[in-house]
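All heavy atoms count here, side chains included; hydrogens, waters and symmetry mates do not. Everything quoted here is computed from the prediction, not taken from an experiment. In the text below, chain A, chain B and the rest are named by the order of the sequence lines, each starting its count at 1.
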Amino acid sequence: MKHIISVLVENKFGTLNRVANMFSARGFNLASISIGETEDPEFSRMTIVTHGEDQIISQVVKQLNRLVDTVKVTDLTRQPHVERELLLMTLKLSKTQQHEIFELINVFKGKVVDIKQKSITIEVIGSPDKINTTIDIFKPYGIKELSRSGAVAIHRGE
Amino acid sequence: MHSSGQTLNGSEIFFECLRRENVEYIFGYPGGSLLKVYETLYDVKDIQHILVRHEQGATHMAEGYARATGKTGVVLVTSGPGATNTVTGIANAYMDSTPLVVFTGQVPSTLIGNDAFQEADIIGITRSITKHNFLVKDVKELAITIRKAFFLANNGRPGPVLIDMPKDILNASCAFNWPETVEIRGFKPTIKCHINQVEKAAHKIAKAKRPLLYIGGGVISANASEELKAFAIKKNIPITMTLQGLGAFPGNHPLSMGMLGMHGTYWANQAVNTCDVLIAVGARFDDRVTGKIETFAPQAYKIHNDIDPTNVDKNVKVDLPIVGDAKHFLAAILEEMPEKLENLEPWLAEIQTWREKCPLTYTADDKDLRTEFVIDEVSKQTAGNAVVVTDVGQHQMWTSQYYIFNNPRSIITSGGLGTMGFGLPAAIGAAFGIKDRPVILFCGDGGIMMNIQELVTAVHYKTPIKIFLINNSYLGMVRQWQELFHKEKYSFTDLSDSNPDFVKVAEAFGCKTFMADNPDTARDAIKKALAYNEGPVFVDFRVVKKDMVFPMVPAGGSISDMLLARLNPKTMV
Ligand SMILES: Cc1ncc(C[n+]2csc(CCOP(=O)(O)OP(=O)(O)O)c2C)c(N)n1
Ligand SMILES: [Mg+2]
């Protein structure tokens with residue numbers, strides 16, 4: 001089962017490495033990891049997506065907690081949370097399909113961030129599932145390059 | 001001692017911090033990035049620096065010292081090769097939860113990342129084998145970093161911490177301020193156990209007909225032997241110990257069943273197999289203990305107390321996890337226990353029948369020398385009160401079986417990593433910490449060569465260790481597996497044609513030496529060695545070549561697969 005884990009860490013060099021390293025050293029699956037500074041510059045928040053049975057996930061959470069640079073570890077999976085991912089994608093632009101492409105961009109509430117003679121770069125924000133679907137749908141039009149941010153997530157407010 | 005607020009350079013701050021951490025010994029080796037530190041050290045009189053001959057030796061010495069005393073071992077090495085030479089020792093300390101602080105010199109900050117002379121990314125290299133590590137980037141951070149490192153190393157589950165100190169930081173100056181308190185947001189070990197859980201455990205144990213204590217090294221780290229004794233003896237609960245747990249409970253007490261697991265006693269393993277409540281304390285269900293997980297203590301309600309939550313439910317799913325310090329747990333459980341327990345006499349009687357059915361025995365004649373005899377004899381001559389250090393291999397397992405450990409912090413051995421070469425330096429380190437009991441090393445003829453250079457250190461410091469070489473001319477433990485499981489293909493384990501004359505080697509280093517090749521000479525050599533305290537004494541015990549350690553549960557096997565004797569009887573010599 002997929003789990004999304006939010007980790008508050010010390011904003012220090014090497015923290016990302018420690019976390020990623022722990023996953024590889026212990027053979028845990030690591031689907032995505034994203035990190036950024038929080039409202040307090042002393043901390044960063046990491047969002048980790050991993051897959052595994054409950055017993056493994058409980059080890060993942062404990063091992064994360066054991067790292068000295070982690071301050072708080074929360075498995076958001078079964079708690080109310082919002083999860084988003086950013087997709088940047090460059091598509092081939094051909095005259096014949098131009099119209100269809102623009103239509104689809106609208107359907108996915110995407111944004112055009114760059115446009116050239118033969119290519120168009122768009123951004124789409126959504127749940128990782130939505131991002132997967134977006135990619136599938138655009139595939140036939142010719143994806144030149146894409147980049148995903150990995151999921152970021154946060155607890156829903158009270 | 002310098003006072004707070006005084007301007008000091010990094011090297012002076014370094015020693016000032018060690019003073020405040022009450023460090024007695026530094027095990028170290030100098031080099032380019034540490035020149036300033038060694039310059040300062042020249043005039044330091046209140047901390048003793050022990051010069052080793054290889055940095056791996058320094059780490060194992062610090063480990064031996066730490067395990068024998070409970071204090072944190074301190075290592076000081078230069079950058080690059082000095083640092084990488086400590087890696088095995090750090091990994092060993094990590095696996096066996098030994099508190100160390102390892103200081104590595106580093107190239108100047110400005111050169112880091114440039115493939116500078118003697119640069120190694122020791123922070124990256126040791127990330128997964130330290131509890132935590134630090135690169136000091138500013139001399140103002142040095143004191144607090146050292147404070148944190150010592151705090152981390154010896155709080156919660158102990159372990160090694162590394163501090164990388166660039167050369168320019170050691171030369172730079174700032175006002176010295178010793179932080180009286182230390183606060184690490186991400187490190188809050190649970191010491192006190194959840195009392196509800198303890199209560200639940202107490203009720204379970206009270207209703208058990210066949211309870212069993214399974215004791216690991218955590219009990220020794222927590223200095224909880226007295227609490228263990230009080231609980232077990234009062235409630236009459238039998239005890240088995242892991243390799244690292246030996247000595248937590250006196251081996252000569254009738255409730256002690258010795259070690260469990262792969263080379264554990266028959267009766268301890270049968271008890272694990274049959275118990276209805278298993279109380280694991282400071283143990284981690286290692287595969288050398290459990291064998292096949294599915295058949296480990298199959299009938300038991302499992303209670304597990306450990307200070308490290310990651311140990312709980314890692315290998316074996318337990319029924320009642322109790323995170324916290326073993327000392328607290330054992331004291332609390334005795335408090336919570338109802339007065340009335342089940343009658344445990346039938347259970348103890350059953351254990352006794354197993355004990356009588358398959359005791360640990362060996363046949364001795366007056367011609368051939370067997371390791372079991374040597375260890376048995378040492379155990380008797382020292383009344384189980386020595387500090388015993390081992391290397392890795394057959395002699396290690398025989399030590400666990402035939403030396404009767406009556407005190408905690410008395411077996412010092414590489415359990416988790418199984419590091420050959422650990423023994424000699426660890427024994428030296430232990431002897432720096434322990435002056436009132438003999439420190440004895442049992443080491444194989446393979447392993448002794450892995451850190452033989454430290455004989456110099458022992459001789460130089462007149463360290464009165466007893467080096468008992470168990471010389472079977474084989475990489476004995478590997479040979480045993482080859483005989484049992486690999487078609488008797490003795491591939492590269494016969495050392496008889498290549499081993500040196502160990503007596504001559506030891507003599508050349510300056511050791512007092514003896515040789516023994518039969519029980520009589522052995523008994524005599526042990527007596528003389530124990531009486532000699534002017535420096536290290538080295539005894540070459542020429543034991544039979546093809547002896548095997550039994551009982552043995554083959555790797556990944558169940559208790560029912562236990563081998564009690566040689567499958568294929570052949571001559572031993
Ligand atoms: C550094 C290292 N290399 C290899 C091994 C694998 N190993 C385990 S026991 C052993 C044989 C040890 O032989 P010896 O030191 O003579 O002890 P004995 O088993 O004969 O008592 C070996 C090679 C190890 N544990 N450590
Ligand atoms: Mg040998």
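Chain A forms more heavy-atom pairs under 4.5 Å with one residue of B:Pro189, B:Gly156, B:Gly186 than with any other, namely B:Gly186. Between chain B and the residues A:Arg26, A:Lys12, A:Gln63, A:Arg18, the largest count of heavy-atom pairs under 4.5 Å involves A:Arg18. When A:Asn65, A:Val71, A:Leu8, A:Val68 are compared by the number of non-hydrogen pairs under 4.5 Å with chain B, A:Val68 comes out ahead. Ranked by heavy-atom pairs shorter than 4.5 Å toward chain B, the options A:Gly14, A:Ala25, A:Ser58 are led by A:Gly14.
Taking OH of B:Tyr94 as the start and CG of B:Leu417 as the end, the distance is 12.5 Å to the nearest 0.5 Å.
With a 4.5 angstrom heavy-atom cutoff, A:Leu67 touches chain B only via backbone atoms. If you measure heavy-atom distances from A:Asn21 to chain B, the contacts under 4.5 Å come from the side chain alone. For B:Asn133, the parts lying under 4.5 angstrom from a heavy atom of chain A are both the backbone and the side chain. For B:Lys131, the part lying near chain A is the backbone, with the side chain staying farther off; criterion is any non-hydrogen pair under 4.5 Å.
Side chains of A:Ser127 and A:Asp129: no donor on one and acceptor on the other come within 3.5 Å.
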**OP:** Evaluate the salt bridge (Lys or Arg N to Asp or Glu O under 4.0 Å) criterion for residues B:Glu180 and B:Arg147: first the C-alpha distance (whole Å), next the side-chain angles of each, then the deciding distance (0.1 Å), finally the verdict.
**Re:** CA-CA 9 Å; B:Glu180 288 303 333; B:Arg147 184 85 166 90; 5.4 Å; no
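A:Lys72 forms no cation-pi arrangement with A:Phe43, by the criterion of a distance under 6.0 Å to the ring centre and an angle within 45° of the ring axis.
At least one donor-acceptor pair closer than 3.5 Å links the side chain of A:Thr70 to the backbone N or O of A:Leu64.
Here the shortest heavy-atom pairing between A:Leu76 and A:His81 reads O-ND1, 3.0 Å.
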